[in-house]
There are 2 protein chains.
Amino acid sequence: MVFKKVSRIKIPEATIRRLSLYDRCLEELQRSGKRIVSSSDIARKCGTNPAQIRKDFAYFGEFGVRGVGYYVENLQKDIKRALGIDRSWNCALVGAGNLGFALLGTDSLAKRGFKISAIFERDPILVEMGSFQDIPLFGMDDMQRVVSEFGIKIGIIAVSPENALKVAHSLIDAGVKGILNFTPTTIKVPPGAILKNVDFAIDLEGIAFQMSSD
Amino acid sequence: MVFKKVSRIKIPEATIRRLSLYDRCLEELQRSGKRIVSSSDIARKCGTNPAQIRKDFAYFGEFGVRGVGYYVENLQKDIKRALGIDRSWNCALVGAGNLGFALLGTDSLAKRGFKISAIFERDPILVEMGSFQDIPLFGMDDMQRVVSEFGIKIGIIAVSPENALKVAHSLIDAGVKGILNFTPTTIKVPPGAILKNVDFAIDLEGIAFQMSSD
DNA sequence: ACGTGTGAAGCATTTCACAGCG
DNA sequence: CGCTGTGAAATGCTTCACACGT
């Protein structure tokens, strides 16, 4: 196996998203006892095409064996390494409302190496509780201190839209480099910081569009 | 204003997503009292570029006035019409867990014309409650009947991953044509039906990737 | 013989630059 | 004159087809 040290080559966003998908599929394939898979196997499982999969891998190195296929276990390691999830990421959740609790309730974050190590909340009554599910709860004023003490790298914004911008700026000021924003608010981050938006209303509108123009 | 009847021209997915964004920005601009905007105004507000905005609009018609700009109110109507959200969509929520409640707790769905008119849940004890926030609660067995009686067009899957596939098939069988899937499960739908996935773990992995290869 | 890895072709989307029109 | 609307150029992504290694 050869793992290219990719740094200055530009990799399509879509490739990264697909790698995450492949990783999931591999987990299932591994559970079902498969040791070796071909690009067509993966393609069938996750609804892409084999050539695309091979191209996606090729950005990062040669993960397979010609004439044979991919060793599932190795491939998974390689993908995780390529994605940067071969380790744990310290995250903070901002906003202890319905959505925040929903995020904590699911294990899909923890399972993929994203650890929520602090929660920030505006409402003093909630903060008074001190912690939630063993995760310490802080007021907004503690953000600067806690982010640096805990080594928090990623902030998850799950507050109401009106407060999203302020929260984003506080996070950036506190030194957070990556933000996942669940509010329908346009946020701008300085160069070097990374922002991604999760906005299911947009997806619903996409569905509405396709259903209208069938 | 000219509104093209677009039907057989293929419009990029990305264009549709951006139209949703523009629509949001316009709401803000309108609240701030602006009557007329230029493509650069919108671009500044939502972080795209003017040429792209004009191109996006051009798929659907001529929404602006040369030398002047766009009348905010008209433009919003045109965009909503283009997206197919100039009316209300009947939706069903499947899964009354944390995530489901979080979705109900936000007004961002209702505000954009997506009305949740029924909830389906597996746990009989919850179903026993009969309704939640005035929205009727049903068991899974009632899906076929309720979907057709209520005229439900879109299903939102917020159950645990293990049950997602079964739920998706039930929805399709019941006649639902659009599905928004919140679980990390690969679902396949028959041609004619539309599926979109919301998967924030993938977005987090995208952040992790960029932060690793800075 | 088989399935990966990869240049090249094909296709889609974005950006440019300017004509057109109020 | 200013800003939209739009063909044409540039860029980016996906698919093809075959060489390569086992």
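The sequence lines fix the lettering, A, B, ..., with proteins before strands; numbering per chain opens at 1.
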Engineer: Nearest to the side chain of A/K10, which nucleotide is it out of D/dC13, C/dC18, C/dT13?
Structural biologist: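 That would be D/dC13.
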Engineer: Expressed in angstrom and rounded to an integer, what is the separation of A/Q52 atom CD from C/dG10 atom P?
Structural biologist: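 Value for this atom pair: 18 Å.
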Engineer: Are A/F120 and A/V146 close enough that some pair of their side-chain heavy atoms sits under 4.5 Å apart?
Structural biologist: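 Yes. Closest side-chain heavy atoms under 4.5 Å.
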Engineer: Whole-Å distance between D/dC3 C1' and B/I53 CD1?
Structural biologist: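 B/I53 atom CD1 is separated from D/dC3 atom C1' by 13 Å.
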Engineer: Starting at atom CZ of B/F63, determine the distance to atom P of D/dG5, rounded to an integer number of angstrom.
Structural biologist: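 My rounded result for the distance is 9 Å.
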Engineer: Is the distance from OP1 or OP2 of D/dT15 to the nearest side-chain N or O of A/R54 less than 4.0 Å?
Structural biologist: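 Result: no.
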Engineer: Rounded to whole angstroms, how far apart are CD on A/E62 and C1' on D/dC20?
Structural biologist: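 In whole Å, D/dC20 C1' lies 10 Å from A/E62 CD.
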Engineer: Without swapping roles, check the side chain of B/D107 against the backbone of B/A110 for a donor-acceptor pair under 3.5 Å.
Structural biologist: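 Pair absent, no side-chain N/O of B/D107 close to backbone of B/A110.
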Engineer: Under 4.0 Å from OP1 or OP2 of C/dG3: is there any side-chain N or O of A/S39 that close?
Structural biologist: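 Indeed not, no polar side-chain atom of A/S39 lies that close.
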Engineer: Distance check needed: C/dT6 P versus A/Y59 OH, whole Å only.
Structural biologist: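 After rounding, the gap between these two atoms is 12 Å.
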Engineer: Measure the distance from CD1 on B/I42 to P on D/dC3 and round it to the nearest whole Å.
Structural biologist: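 In whole Å, D/dC3 P and B/I42 CD1 are 13 Å from each other.
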Engineer: So what is the 5' to 3' dot-bracket string for DNA chain C, if pairs are Watson-Crick or G-U wobble with both distances under 3.5 Å, crossing pairs use [ ] and | means the partner sits on another strand?
Structural biologist: ||||||||||||||||||||||
Engineer: Choose from D/dT4, C/dT6, C/dC16 the nucleotide whose nearest atom is closest to any side-chain atom of B/A51.
Structural biologist: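 Out of D/dT4, C/dT6, C/dC16, the nucleotide with an atom closest to B/A51's side chain is C/dC16.
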Engineer: Return whichever of A/R66 or A/N49 has its heavy-atom-nearest nucleotide of DNA chain D closer to the 5' end.
Structural biologist: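 Final value for this comparison: A/N49.
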Engineer: Using distance alone, with no hydrogens and no angle criterion, decide if B/Y70 and B/D78 have a side-chain donor and acceptor under 3.5 Å apart.
Structural biologist: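 The criterion, which ignores hydrogens and geometry beyond distance, is not satisfied for B/D78 and B/Y70.
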Engineer: When you measure from the side chain of A/N90 to the backbone N and O of A/F150, does any donor-acceptor pair fall under 3.5 Å?
Structural biologist: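 Yes, because the side chain of A/N90 sits within donor-acceptor range (under 3.5 Å) of the backbone of A/F150.
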Engineer: Please figure out whether A/T15 or A/V65 has its closest DNA chain D nucleotide nearer the 5' end.
Structural biologist: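 It is A/T15 whose nearest nucleotide is closer to the 5' end.
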Engineer: For D/dT6 and B/K55 - does any side-chain N or O of the residue sit under 4.0 Å from the phosphate oxygens OP1/OP2?
Structural biologist: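 No, B/K55 has no side-chain N/O under 4.0 Å of OP1/OP2 on D/dT6.
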Engineer: When you measure from the side chain of B/R18, which nucleotide among C/dT14, D/dT14, C/dG3 comes out closest?
Structural biologist: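 Shortest atom-to-atom distance from the side chain points to C/dT14.
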Engineer: Rounded at 0.5 Å granularity, tell me how far CD1 in B/I187 sits from NE2 in B/H169.
Structural biologist: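 Answer for the CD1-NE2 pair, B/I187 versus B/H169, is 7.5 Å.
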Engineer: So what does A/Y70 touch, heavy atoms closer than 4.0 Å: a base, only the sugar-phosphate, or nothing?
Structural biologist: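 The residue A/Y70 makes sugar-phosphate contact but no base contact.
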Engineer: A/I11 has an atom CD1; how far is it from atom P of D/dT14, in whole Å?
Structural biologist: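 Those two atoms, CD1 and P, are 13 Å apart.
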Engineer: Taking the nucleotide of DNA chain C with the closest heavy atom to each, which residue, B/V68 or B/D56, is nearer the 5' end?
Structural biologist: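 Nearest-nucleotide comparison on DNA chain C picks B/D56.
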Engineer: Counting only heavy atoms not in B/E73, do more than 12 sit closer than 6.0 Å to its CD atom?
Structural biologist: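 12 or below, so no.
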Engineer: For the pair made of CD1 in A/I16 and C1' in D/dC13, what is the distance, rounded to whole Å?
Structural biologist: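 Spelled out: CD1 on A/I16 to C1' on D/dC13 is 14 Å.
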Engineer: Step through the shown structure and confirm whether more than 12 heavy atoms of other residues, nucleotides or ligands are within 6.0 Å of NZ on A/K196.
Structural biologist: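 Counting other residues, nucleotides and ligands, NZ of A/K196 exceeds 12 neighbours.
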Engineer: Can you find a heavy atom in the side chain of A/T48 that is under 4.5 Å from one in the side chain of A/L21?
Structural biologist: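 Heavy-atom side-chain distance check fails, nothing below 4.5 Å.
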